[in-house]
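Worth knowing before you read on, the calculation uses all heavy atoms, side chains too, and leaves out hydrogens, waters and symmetry mates. By convention in this document, chain letters (A, B, ...) are assigned in the order of the sequence lines, proteins followed by strands, and residues within each chain are numbered from 1.
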Amino acid sequence: MSARRFWALYIAALAYVAPLAAAQAQSPVAPPNAAQEPSPIASEGAPAQATVESAEQQPAPVVTPLVAAEPLQLDAAANPAATSDEMVMTELAKLGLDAAADGGVVDTSLKFSGFADFALTGVFGREGDWRGAYERFSAFSIGNFNLYTDKRLLESLRMFGEIRFTFLPNGTAPPGAAPGDYQQTGAEDYANFKRPVSWAGIYIPRVYLEWTPYRFFGVRGGVILTPYGIWNVDHGSPTIIPVQRPFVVGQALFPERQTGIELLGQFDIGHHSTIGYHLTLTNGLGAVNEYRDYDDNKAIGGRLYWSFDGLGQLRVGASAFYGQDTTAHEMASFAPDGQHVVFTQKIDQQSDVLALAGDVQWKYRGLHLQTELITQQRRYKDAARPGSSNPFFGRYLAPSDRLNWGIYGLVGYRFDWFGIMPYFLAQFMDAFDPAAGALYFVNSFFAGINIRPIDVLVIKIEYNQSHFPRGFIIAGDTQLGQVQVAWAF
Amino acid sequence: MTFRKLSVLAWMLGSLALVPLEAVRATEPQDALLMVAGTSFSGDDISFASVKSAFRGQRIRIDGQSVIPINHPLNSPGRVSFDRITLGLEPTEVGRFWIDMRIRDQGRPPTIASTPELALRIVEALKGAITYAVPSPALARLRIKILTVEGKSAGQPGYPLTR
């Protein structure tokens, strides 16, 4: 055989075999609806969308069953019980569904859930510095015990409430008081031979009525968590990666919660992209903003975000808030007629507050990246600038108009093994705290391990260190070690 | 036969052997799930966004009808693939995802049927209910309709419920 003939035969063989193989590869499998017996789907006139197009029309990849090893057990011979309507009715009842109702039934049961956490916190360093200001000795504590109540009233109407049970105010200093000026809440317990008991309080982070007629439009009314950034709404200790939220979130440059109305919704702009929004109209800031507005200037706010799930989960958001922060009291006096009492408002402090923030979060497989930049501009009314005599400096101090801001970045990686996530968080904040009368110019890092051995339980072991480049009223860096166990229920 | 001829022969036989290998690669299955609804379900198509939203615990209405997503049990093969496609979650992440969603008050997980077969039976009986299924001739015995997703049938290029 000559070389030329040999190559010709070889190419011919390739030309013969390859198309056969390709054709075999592209021939469709029998579609599920194209069983030997007539399909009831087709017979009812519904389009048989499940059929794979013929090879001529659609030279598409082959569709094969995912679970050839576990075929559906719908054959009466194979599973006689599966054909029983009674079995389906039992399942529906078990799931709280009702085939007789048009579209099922509304689950109006009252649902309770929540989260809690237990921690051991200790301050490293010399006696008398941060140990005295924060906690002199390491201590165990229950930080959060938050109970959720959730009830659907109608199909599109529901209520949601969150109550935090707390040991506060026992053992704490009132805001603005000197550290160490602890208050006690002891009382005689009449149900226990008047033995002393420390009463505690509750805090209501949110309670609202929600009407959601459409996915793109919903309304909430009540006490709401301000929809900004990532870790204000996402505030539960099992979901927060570090033991505590970053300083700039805890500092509440945006109000943590507000009382008023929130519009919210989301809509899709493609297979993988969603745009969401929140708009708020509230009492705004103020010492008693839960039920009182000391000025007639309602606060407005909003959040716009874009989420993309084409490559992990990416979310980019921007938030804004504008409102007036007023603290005032009413002064009673006699009217000129001398027969009636009139009230005059005395404003103690008043300022305009504009807060802006941006956030990015990307989760891809085990990787978790997250950052938030939060700013607040506060401008006091000249006649209503608060001030007080500082007990340490012995002189009158008043805050200036300023830009408060902070930023943090977190990186973590969750391993499948025991759900372990090592994480590192770096942060910076430049903010004046009116309650403490202190300026925080601080950079800090948290390094720790977040372990989630089961879905409802998180164990966190963390070290954090904060440095004050411009000095602080308390000398030295803070070094804190914390262990926390948080769980959802 | 010289070494050179032997080499050429080996190369040719090897290249011929690659043909069936390529064919095998072409026949590698692309996992696809079917979206299934009862015959009373409004319409024959559903958007991928609606599927994702419904199974992420958000309220979805199609032609005024509430969509009731029915999920399969955790770790059932169809569920594993479905969670990967629609939520981008591996089985170990699903529980955490729903715990976190509940804490944020951003939605509760869809109703979970005891078995994939019962999920189909529920869809058959309950107006507005949707679920998913692996392609199987057994589906033809049910009074259900298989929805196109984004106007595409399973097997067509761009069909979203494919891995």
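Residue contact with chain B, scored on non-hydrogen atoms closer than 4.5 Å, is absent for A/Phe216. When heavy atoms are compared at a cutoff of 4.5 Å, A/Arg414 approaches chain B solely by way of its side chain, counted from C-beta outward. A/Glu162 does not touch chain B: none of its heavy atoms, backbone or side chain, sits under 4.5 Å away. Interface residue B/Leu87: only backbone heavy atoms are found under 4.5 Å from chain A. With a 4.5 angstrom heavy-atom cutoff, B/Ile103 touches chain A via backbone and side-chain atoms both. Of the two parts of B/Thr92, the backbone and the side chain both hold a non-hydrogen atom closer than 4.5 Å to a non-hydrogen atom of chain A. Proximity to chain B (any heavy atom under 4.5 Å) is shown, for A/Asp234, by both the backbone and the side chain.
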side-chain contact (heavy atoms from CB on, under 4.5 Å) evaluation trace for B/Arg102 with A/Asp150: CA-CA 10 Å; B/Arg102 193 180 72 196; A/Asp150 185 354; over 6 Å; no

For the pair B/Asp105 and A/Arg206, evaluate side-chain contact (heavy atoms from CB on, under 4.5 Å) and give the outcome as yes or no after the intermediate values. CA-CA 11 Å; B/Asp105 188 32; A/Arg206 49 183 168 169; 3.7 Å; yes

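Classification of A/Glu155 and B/Arg61 as a salt-bridged pair holds, one side-chain N sitting under 4.0 Å from a carboxylate O.
Remark: A/Tyr214 OH is loosely packed, at most 12 non-hydrogen atoms of other residues, nucleotides or ligands lying under 6.0 Å away. Within a 6.0 Å sphere centred on CZ of A/Arg365, heavy atoms belonging to other residues, nucleotides or ligands number 12 at most. By the neighbour-count criterion of 12 heavy atoms within 6.0 Å, atom CZ of A/Phe217 is densely surrounded, having more than that number from other residues, nucleotides or ligands.
Residue with the most contacts toward chain A among B/Ser53, B/Pro160, B/Ser47, B/Ser40: B/Ser53 (heavy-atom pairs, distance under 4.5 Å). Of the listed residues (B/Gln58, B/Glu90, B/Gln106, B/Glu93), the one with the most heavy-atom contacts under 4.5 Å to chain A is B/Gln58. Here B/Arg59 is the residue among B/Arg59, B/Met35, B/Glu124 with the most heavy-atom pairs under 4.5 Å with chain A.
Considering only residues two or more places apart in sequence or on other chains, A/Thr274 meets the side chain to side chain donor-acceptor pair (under 3.5 Å) condition with A/Asp268.
Side-chain contact check for A/Thr239 and B/Arg104: no donor-acceptor pair (N or O, by modelled atom type) lies under 3.5 Å.
Minimum heavy-atom separation, B/Asp100 to A/Arg452: OD1-NH2, 3.1 Å.
Pairs of residues two or more places apart, or lying in two chains, that qualify as salt bridge (charged side-chain N to carboxylate O under 4.0 Å, His left out) and include a residue from residues 49-58 of chain B are A/Asp309-B/Lys52, A/Asp309-B/Arg56.
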